[in-house]
Peer 1: 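Questions regarding the structure given below will be posed in turn.
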Amino acid sequence: QVQLVESGGGLVQAGASLRLSCAASGRTFSGSVMGWFRQAPGKEREFVATITQSGGYTVYADSVKGRFTISRDNAKNTMYLQMNSLKPEDTAVYYCAASAGRALTRDAYGYDYWGQGTQVTVSS
């Protein structure tokens, strides 16, 4: 079992930056593939980014590539999502997730543990 708690969301203007954090406890964090997803009102949950256990390899959704950066600090059992040049269409609840599998995946069904989410609102 692993517990995940997101923080860092808020209300910002377009063009601003935010950094989300995901604090993990329980199951070995360093052994888990981690990911960020988001869900806007009336829309399905969508993939944002994922990172390998060591942090050496990352994958991004096309919609955030070049603006968002996923990272992790295994010594602190924490994952981050640095979000720059935010747009109104980035408005959503952002969730962190942990996978018991070994491979990176964009599929939400590939993740076994989820946080409660943190709201990000970007005004125009």
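Nothing here was measured: the structure is a model prediction, and the numbers come from that model.
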Peer 1: Provide the closest heavy-atom pair for Ala40 versus Ala92 in the form atom of the first, atom of the second, distance.
Peer 2: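 Taking Ala40 first and Ala92 second, the nearest heavy atoms are N-CB, 3.8 Å.
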Peer 1: Identify every side-chain donor-acceptor pair in residues 44-51 under 3.5 Å, counting partners at least two apart or on other chains, and give the distances.
Peer 2:
| from | atom 1 | to | atom 2 | distance (Å) |
| --- | --- | --- | --- | --- |
| Glu46 | OE2 | Arg38 | NE | 2.5 |
| Glu46 | OE2 | Arg38 | NH2 | 3.1 |
| Thr50 | OG1 | Met34 | O | 2.9 |
| Thr50 | OG1 | Tyr111 | OH | 2.9 |

Peer 1: Check step by step if side chain to side chain contact (heavy atoms under 4.5 Å, CB included) holds for Val120 and Met83.
Peer 2: CA-CA 10 Å; Val120 172; Met83 305 186 295; 3.9 Å; yes
Peer 1: What is the minimum heavy-atom distance between Gly110 and Ser99, and which atoms define it?
Peer 2: O-OG, 2.9 Å
Peer 1: Give every residue pair that meets the salt bridge (Lys or Arg N to Asp or Glu O under 4.0 Å) criterion with at least one member in residues 106-117, sequence neighbours excluded.
Peer 2: none
Peer 1: Would you mind listing every disulfide (SG to SG under 2.5 Å) that reaches into residues 57-93, with sequence neighbours excluded?
Peer 2: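 Disulfide (SG to SG under 2.5 Å) check on residues 57-93 returns no pairs.
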Peer 1: Return yes if some donor-acceptor pair links the side-chain N/O of Trp36 with the main-chain N/O of Leu20 below 3.5 Å, else return no.
Peer 2: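 No: the side chain of Trp36 does not pair with the backbone of Leu20.
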Peer 1: With clusters defined by side-chain heavy atoms of hydrophobic residues (ILVMFWY) lying less than 4.5 Å apart, directly or transitively, does Val59 cluster with Tyr95?
Peer 2: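 As far as the 4.5 Å side-chain criterion goes, Val59 and Tyr95 are connected within one cluster.
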Peer 1: Say whether Thr121 and Gln119, considering side chains only, have a donor N or O and an acceptor N or O under 3.5 Å apart.
Peer 2: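 A pair is found: one side chain offers a donor N or O, the other an acceptor, under 3.5 Å apart.
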Peer 1: If two hydrophobic side chains count as joined below 4.5 Å and joins carry through other members, does Phe37 share a cluster with Val33?
Peer 2: yes
Peer 1: Strictly distance-based, threshold 3.5 Å: is any side-chain N or O of Gln39 a donor or acceptor partner for the main-chain N or O of Tyr94?
Peer 2: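 No, Gln39 side chain to Tyr94 backbone: no donor-acceptor pair under 3.5 Å.
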Peer 1: Only counting residues at least two apart or in another chain, list the ones meeting side chain to side chain contact (heavy atoms under 4.5 Å, CB included) with Ala16.
Peer 2: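 With sequence neighbours excluded, Ala16 shows a side chain to side chain contact (heavy atoms under 4.5 Å, CB included) to Val12, given in chain and number order.
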Peer 1: Can Tyr80 be reached from Leu86 by stepping across I, L, V, M, F, W or Y side chains whose heavy atoms are under 4.5 Å apart?
Peer 2: no
Peer 1: Is Trp114 reachable from Val2 through a run of I, L, V, M, F, W or Y residues, each pair having side-chain heavy atoms under 4.5 Å apart?
Peer 2: no
Peer 1: Using a side-chain heavy atom cutoff under 4.5 Å and only I, L, V, M, F, W and Y, what cluster partners does Tyr109 have?
Peer 2: none
Peer 1: If you look only at pairs with a residue in residues 31-66, which of them pass as a disulfide (SG to SG under 2.5 Å), with sequence neighbours excluded?
Peer 2: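 Those involving residues 31-66 do not exist here.
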Peer 1: Report yes or no: do Ser123 and Gln13 form a side-chain donor-acceptor pair below 3.5 Å?
Peer 2: no
Peer 1: Keeping Thr78 on the side-chain end and Lys76 on the backbone end, is there a donor-acceptor pair under 3.5 Å?
Peer 2: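 It does hold such a pair.
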Peer 1: Please identify each residue that fulfils side chain to side chain donor-acceptor pair (under 3.5 Å) with Ser17, with sequence neighbours left out.
Peer 2: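 Ser17: side chain to side chain donor-acceptor pair (under 3.5 Å) contacts with Asn84.
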Peer 1: According to disulfide (SG to SG under 2.5 Å), does anything in residues 95-124 pair up with another residue at least two apart or in another chain? List the pairs.
Peer 2: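 Qualifying pairs, neighbours excluded: Cys22-Cys96.
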Peer 1: Not counting sequence neighbours, list each pair that qualifies as a disulfide (SG to SG under 2.5 Å) and has a residue in residues 45-95.
Peer 2: none
Peer 1: Let me have the donor-acceptor pairs involving side chains of residues 64-72, under 3.5 Å, with sequence neighbours excluded, atom names and distances please.
Peer 2:
| from | atom 1 | to | atom 2 | distance (Å) |
| --- | --- | --- | --- | --- |
| Lys65 | NZ | Asp62 | OD1 | 3.2 |
| Arg67 | NH1 | Ser85 | O | 3.0 |
| Arg67 | NH1 | Asp90 | OD2 | 2.8 |
| Arg67 | NH2 | Ser63 | O | 2.9 |
| Arg67 | NH2 | Asp90 | OD1 | 3.0 |
| Arg67 | NH2 | Asp90 | OD2 | 3.4 |
| Arg72 | NE | Gln53 | O | 3.3 |
| Arg72 | NE | Asn74 | OD1 | 2.9 |
| Arg72 | NH1 | Ser32 | O | 2.8 |
| Arg72 | NH1 | Thr52 | O | 2.8 |
| Arg72 | NH2 | Phe29 | O | 2.7 |
| Arg72 | NH2 | Ser32 | O | 3.0 |
| Arg72 | NH2 | Asn74 | OD1 | 3.4 |

Peer 1: Do Leu81 and Leu4 belong to the same hydrophobic cluster, where Ile, Leu, Val, Met, Phe, Trp and Tyr are linked whenever their side-chain heavy atoms lie under 4.5 Å apart, directly or via other members?
Peer 2: yes
